[in-house]
Amino acid sequence: MVRSDGFNSLPTPSPPPAEQKQPPKQWGVTRPLSHAGPSEADIQRTRDLEKFLVASGLYESAEEAAKREEVLDRLKQIVKDWVKELTRLRGYTDQMVEDANALIFTFGSYRLGVHGPGADIDTLCIGPKYVSREEDFFYVLHNILAEIEEVTELQPVPDAHVPVMKFKFDGISIDLLYASISLLVVPDDLDISNISVLEDIDEPTVRSLNGCRVADQILKLVPNIENFRTTLRCLKFWAKRRGVYSNVTGFLGGVNWALLVARLCQFYPNANPSMLVSRFFRVYTLWRWPNPVMLCEIEDDELGFSIWDPRKNPWDRNHLMPIITPAYPCMNSSYNVSASTLRVMMEQFQFGREICEDIELNKAQWSTLFEPYLFFESYKNYLQVDIIAADLDDLRAWRGWVESRLRQLTLMIERDTCGKLQCHPYPHDYVDSSKHCAHCAFFMGLQRKQGEVIQEGQQFDIRQTVDEFRHQINSYIYWKPGMEIYVSHVRRKQLPPYVFPEGHKRSRHIRLMSQQQVDKVSSDGSDACRSDSAERVIKRKKQVDLPELEERREKRQSISPQKQGLSPENICSRVAGGLTECSSAMSGTMKEVAATNESCTLMDGRAPEAVSFNSRHVCTGSSMRMLQLVDRDKELPDDSKTSNQEKHCAENSDTCCNSSSSNSSYGSSSYSGLEPHAALAMMLKSGDGVGSEPVQENVMRLSLTSTA
């Protein structure tokens, strides 16, 4: 080939940019843990996983997707007409009325593309600065929606942390927020990610905008959106099956799981969904909480909004599982997590890790990972919180309020027992379909803290704790007659049948057979201790000779006559007939209960321990018509409560700690599961009844009996 002298005289050109080896892109605040891609086995496992998700019904049909789009279009037109009408009524010019506008944005699972059939749509309405939330949104727009035939179950929640209006539009559940920005006219091409939308607005408006801004940032910060979506869809389904999907009760909600999965995608940018699911459990079982999970650096801006910063904000130092949102102002999205709920989640992460290891070794199928958590077979003692209202509409509002406060009951029990009594609130409500009243129930598992040395007969008096919870519940500003709450202690064998899928308790033989099938997955090729959760390890009761058993039965019967139990089931039958009859019936029944004693036998898998009960149920109500734990006129002042709690903590100073010290409890690189549950008993002592006779304080004590 002939070359010109001029060309030969030029310096040798550098290789084209495409041929230069570029350093791999860094996703997130640290370098990836691995750039490895999937193997053939990983690709096949991903196919199997996607088939399982489809078979499980996690994807909506094309018809439902089209219906959602139609509903959103209708909603967009409604809010636009609403703003135009308000602009006209307030005397603005015809041009202003014509330009008046409101926009609808989506966020949450719908915006991220991981929603399933029947899921609600999180929406945000953005309007001009002269349209207010308090009057225009929660009053004018509320009335407009109430007049629309397709709108049902309309429920405004103006006093929520993020004010919201909930309703169903043509059968599609909608959560609608409102944000008034500092513009007279809202442009159709508004960029909600621009920080300028936060100028001259209040904190509730910032929180309302945060959901959309966070969702947009998540999608920008993950290396592969489709892998992110499949992994998130999988793990949300897993969390719901394992009972750890609920922000309101102290676990993780949708945005929390999305942030955890997004950070994992940054750690493994080339991994496919099956690899990401397995590594999710591996990473977060070893995560040194309370080190925060962050997708990007925390941004501080001159607008002056508070951001998550434990160096400046003392309250941020108490967060146990900080998961930080990526949009300014950066917040901890998981501030609801408590020591008890973190313990439960770490147990479940460990369970997931072990199953995924077996899946990678071809010892288990994906269906094993999604086995439902056997909550009602995992504890020996439970708190049952029954909720009753006059009708279904009242129950919907009453249930939402009580559910939002259950996390406080968990925190108060942890506080008043110095962390020795651990609670597991289950994020599902149960309805007894055989009853004709508006009713539902929540349950909370109870057990002593792992490793605690409990002296014989040691008790925790949680009377004031439950009474404090009652006062919080009764502060509901929308309380109506008929809204009542009952808190009772039930042992596993006393659980109502409607909490079981089959409508009845499974026999011990069936439970053991199902557990053997699950344990078989982890028994091959591994001598290490598997998950310590109660559902994986069911201890056999000691064999008891028949004569000895008959002798115990006769002894119990001679001590304890058959009790006519007081329960919400009894109340329900009266609610339908009238609230006044319900109240009077409660009073009479409690007299009977207070007049009887019951001796119950608790089995902890070893030796039986006799525990006496004066009353099984403790009821709390909104007024003196219903039995209350502590007489209002005999309540102790706050300083008395504090002194009693301090005295109790002082007696157990070796293990007593406050919430701030719990930050170091989860600092280790691994987490050991729970040991089998020790015997627990709730001591409920009633007084002389309710009515014309003197009312004594009911005592709710938890007896933690040590066993050999």
Side-chain angles (χ1 to χ4, degrees), residues 68-69 71-73 75-76 78-80 82-83 101-115 119-129 131 133 137 141 157 160-167 169 172-183 185-222 225 228-229 232 236 247 253-259 261-262 294-296 298-299 301 303 305-308 323-334:
R68 288 179 184 272
E69 292 293 335
V71 166
L72 286 175
D73 290 339
L75 187 59
K76 290 176 183 178
I78 289 171
V79 298
K80 185 174 293 188
W82 162 63
V83 169
N101 192 23
L103 300 178
I104 290 290
F105 290 86
T106 61
F107 62 100
S109 62
Y110 188 81
R111 175 69 180 91
L112 295 175
V114 294
H115 62 287
D120 60 358
I121 305 178
D122 296 311
T123 56
L124 168 68
C125 175
I126 296 184
K129 67 178 182 181
V131 177
R133 179 190 301 107
F137 180 73
L141 182 60
V157 192
H161 185 66
V162 181
V164 61
M165 193 144 54
K166 299 173 177 285
F167 56 93
F169 198 120
I172 303 294
S173 296
I174 302 288
D175 286 356
L176 180 61
L177 313 182
Y178 179 72
S180 175
I181 61 176
S182 59
L183 295 175
V185 178
V186 179
D188 287 327
D189 59 349
L190 178 68
D191 182 8
I192 199 172
S193 299
N194 195 310
I195 200 170
S196 62
V197 300
L198 302 179
E199 294 178 353
D200 300 326
I201 60 176
D202 57 10
E203 288 280 356
T205 304
V206 172
R207 292 193 292 267
S208 298
L209 289 165
N210 200 43
C212 293
R213 289 167 51 81
V214 166
D216 288 347
Q217 283 296 105
I218 290 176
L219 295 177
K220 292 176 182 178
L221 293 172
V222 294
I225 292 180
F228 163 76
R229 284 173 171 165
L232 178 56
K236 286 179 63 176
N247 183 275
V255 66
N256 311 125
W257 292 102
L259 291 171
V261 173
M294 301 185 298
L295 300 185
C296 58
I298 294 179
E299 177 185 358
D301 194 86
L303 293 179
F305 291 109
S306 177
I307 62 173
W308 186 83
I323 304 172
I324 311 304
T325 56
Y328 176 82
C330 299
M331 309 173 185
N332 176 22
S333 63
S334 53

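Computed from a predicted structure; not experimentally measured.
Here Phe169 contributes atom CZ and Leu75 contributes atom CG; the two are 6.5 Å apart, rounded to the nearest 0.5 Å. How far CG of Leu141 is from SG of Cys125: 7.0 Å, rounded to the nearest 0.5 Å. Distance check: Leu221 CG to Phe228 CZ gives 10.0 Å after rounding to the nearest 0.5 Å. Note that OG of Ser333 and CD1 of Ile323 are 5.0 Å apart. Values are rounded to the nearest 0.5 Å. With rounding to the nearest 0.5 Å, the separation of NZ in Lys76 from CD1 in Ile78 is 12.5 Å. Rounded to the nearest 0.5 Å, atoms CD1 (Ile195) and CG (Leu303) are 5.0 Å apart.
No donor-acceptor pair under 3.5 Å is formed between the side chain of Arg133 and the backbone N or O of Ser180.
No side-chain donor from either of Ser208 and Asn210 sits under 3.5 Å from a side-chain acceptor of the other. In summary, the side chains of Arg213 and Thr325 do not present any donor paired with an acceptor at a separation below 3.5 Å, with no hydrogens or angles considered.
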Inset, instruction - Test Asp120 against Ile174 for side-chain contact (heavy atoms from CB on, under 4.5 Å), laying out the working first. - result: CA-CA 5 Å; Asp120 60 358; Ile174 302 288; over 6 Å; no
Practice problem: Quick one: do Leu124 and Ile192 satisfy side-chain contact (heavy atoms from CB on, under 4.5 Å)? Show the steps, please. | Solution: CA-CA 11 Å; Leu124 168 68; Ile192 199 172; 3.9 Å; yes
**Study point:** Chi angles and distances behind the side-chain contact (heavy atoms from CB on, under 4.5 Å) call for Arg111, Asp216
**Key:** CA-CA 8 Å; Arg111 175 69 180 91; Asp216 288 347; 3.0 Å; yes
Under the criterion side-chain hydrogen bond (donor to acceptor under 3.5 Å, both in side chains), I'd like the reasoning laid out for Asp175 against Ser173: C-alpha separation, chi angles, the key distance, then a yes or no. CA-CA 7 Å; Asp175 286 356; Ser173 296; over 6 Å; no
Could you walk me through whether Phe105 and Thr123 satisfy the side-chain contact (heavy atoms from CB on, under 4.5 Å) test, starting with their C-alpha distance in whole Å, then the side-chain angles of each, then the deciding distance to 0.1 Å, before giving a yes or no? CA-CA 6 Å; Phe105 290 86; Thr123 56; over 6 Å; no
For Trp308 and Tyr328, what are the C-alpha separation, side-chain angles and deciding distance, and is it a ring pair (Phe, Tyr, Trp, His ring centres under 6.0 Å)? CA-CA 10 Å; Trp308 186 83; Tyr328 176 82; over 10 Å; no
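Within the 4.5 Å cutoff, the side chain of Ser196 has no heavy atoms near those of the Asp191 side chain. Between Ile126 and Val197 the shortest side-chain heavy-atom distance does not fall below 4.5 Å. Counting only heavy atoms from C-beta outward, the side chains of Phe305 and Ile201 approach each other to under 4.5 Å. Between Asp122 and Leu176, the closest side-chain pair of non-hydrogen atoms is not below 4.5 Å. Residues Val214 and Phe107 form no side-chain contact, since every pair of their non-hydrogen atoms from C-beta on lies 4.5 Å or further apart. Using a 4.5 Å heavy-atom cutoff, the side chains of Pro326 and Leu259 are in contact. The side-chain heavy atoms of Val83 and Pro128, taken from C-beta on, include a pair separated by under 4.5 Å. Between Met331 and Ile307 the shortest side-chain heavy-atom distance does not fall below 4.5 Å.
Nearest heavy-atom pair across Lys129 and Ser182 is CB-CA, 4.0 Å. Here the closest heavy-atom approach between residue Leu177 and residue Pro163 is recorded as CD2-O, 3.3 Å. The heavy-atom pair separating Cys330 from Ile324 by the smallest distance is CB-CG2, 3.8 Å. The two residues Val186 and Asn101 come nearest to each other via the heavy atoms O-ND2, 3.0 Å. When all heavy atoms of Ala327 and Gln217 are compared, the pair lying nearest together is CB-CG, 4.0 Å.
The aromatic rings of Tyr178 and Phe137 sit parallel, their planes meeting at an angle under 30°, below the 60° perpendicular limit.
Looking at residues two or more places apart in sequence or on another chain, you find a side chain to side chain contact (heavy atoms under 4.5 Å, CB included) between Ser306 and Asn313. Here Arg68 pairs with Glu60, Glu64 under the salt bridge (charged side-chain N to carboxylate O under 4.0 Å, His left out) rule; sequence neighbours left out. Taking Arg229 as the reference, Glu226 meet the salt bridge (charged side-chain N to carboxylate O under 4.0 Å, His left out) condition, with sequence neighbours excluded.
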